[in-house]
S.K.: 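Have a look at the structure that comes next, please.
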Amino acid sequence: MKVISTVFELQSWLKRMRLSPIGFVPTMGALHEGHLSLVSNAVQHCPVVVVSIFVNPTQFNDKNDLKNYPRTPESDLLLLSKVMRESDLVFLPGVKEIYPEPDTREFHFGNLEKVMEALHRPGHFNGVAQVVSRLFEIVNPDIAFFGLKDFQQLAVIKSLVKQTGNKVMIIGNPIVREEDGLAMSSRNRLLDHEIRLNASIIFKTISAASAMLKEHDIPEIKSFIVQSIDKVQGYSVEYFEIVDDINLLPVSSKAEMMKDKRYFGCIAVQAGKIRLIDNIEIGLV
Ligand code: PAF
């Protein structure tokens with residue numbers, strides 16, 4: 001694989017290769033198995049794949065989060081070299097390359113900006129839309145791959161693509177989990193040892209939600225989830241919502257759930273100093 005840092009080099013390489021479809025995996029680095037599964041999927045379907053590594057400042061609503069976000073470029077490149085081919089590119093741009101001028105664009109996502117992550121991280125999805133639209137402009141991919149862990153982000157990106165008339169196909173890849181069930185995330189490496197030991201509580205608890213639907217309604221399920229997680233030292237649930245996978249509208253009772261829709265239980269948890277998110281499909285029983 002080739003490692004480059006400018007838009008000019010990237011576009012010249014893609015022009016020279018003349019391969020299609022172009023696959024694209026945008027990342028913020030600190031790569032783990034979840035990212036590698038996206039890259040492997042892209043490599044399987046596309047003769048040329050671009051992986052970008054760029055910690056996008058505009059999507060951080062918390063300055064400390066941006067400062068502390070893990071940066072591991074050497075190990076990232078080593079991991080990528082194991083799954084990428086000669087024709088593939090790693091794009092490691094600086095801030096000026098992505099934003100020659102400050103990006104003041106404002107995006108709107110209707111209901112998607114009124115629920116869950118959007119409420120708790122104001123401005124976050126606008127920053128994601130800024131960087132993803134800019135990266136799409138630079139790479140001009142045919143297929144782009146995102147992880148389903150960032151469930152709301154995926155819905156936002158699908159909406160962005162629709163709004164901008166971009167023809168890129170968006171693929172959502174299943175969550176990859178640690179052995180104890182913790183969803184893989186670049187932030188997991190920031191968890192304190194004690195907190196990490198108990199982190200399986202999140203997946204264990206949300207996994208019970210589907211079965212609980214048989215005999216309980218949503219408010220009871222929510223309080224079960226909040227109580228089970230909050231009683232673990234250092235853990236506190238920020239929200240748990242059951243939403244449909246298109247508009248992400250939260251449902252407040254079983255009666256509102258429709259047979260022809262898919263539903264997901266989405267959770268955000270403060271785990272010590274680190275904020276984690278996860279989700280699971282909720283089957284109607
Ligand atoms: O999911 C991420 O890592 C980021 O939000 C993304 C899509 C790479 C944009 O910076």
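Counting convention: from 1, in listed order, for ligands and their atoms alike.
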S.K.: By ring pair (Phe, Tyr, Trp, His ring centres under 6.0 Å), which residues pair with His120, not counting sequence neighbours?
M.R.: Tyr239
S.K.: Residues in ring pair (Phe, Tyr, Trp, His ring centres under 6.0 Å) with Phe60, at least two apart?
M.R.: Tyr69
S.K.: Between the protein and ligand 1, which nitrogen or oxygen pairs come in under 3.5 Å, and how far apart is each?
M.R.:
{"residue": "ligand 1", "atom": "1 (O)", "partner": "Gln153", "partner atom": "NE2", "Å": "2.8"}
{"residue": "ligand 1", "atom": "5 (O)", "partner": "Gln59", "partner atom": "NE2", "Å": "2.9"}
{"residue": "ligand 1", "atom": "5 (O)", "partner": "Gln153", "partner atom": "OE1", "Å": "2.7"}
{"residue": "ligand 1", "atom": "10 (O)", "partner": "Gln59", "partner atom": "OE1", "Å": "2.6"}

S.K.: May I have the step-by-step check of salt bridge (Lys or Arg N to Asp or Glu O under 4.0 Å) for Asp278 and Arg177, ending in yes or no?
M.R.: CA-CA 10 Å; Asp278 198 352; Arg177 297 185 179 280; 2.9 Å; yes
S.K.: Judged by modelled atom types alone, do Ser159 and Gln163 share a side-chain donor-acceptor pair under 3.5 Å?
M.R.: yes
S.K.: For the residue pair Phe107 and Phe109, categorise the inter-ring angle as parallel (less than 30°), tilted (30 to 60°) or perpendicular (more than 60°).
M.R.: parallel
S.K.: Partners of Phe151 by ring pair (Phe, Tyr, Trp, His ring centres under 6.0 Å), sequence neighbours excluded?
M.R.: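 Applying ring pair (Phe, Tyr, Trp, His ring centres under 6.0 Å) to Phe151 gives Phe264.
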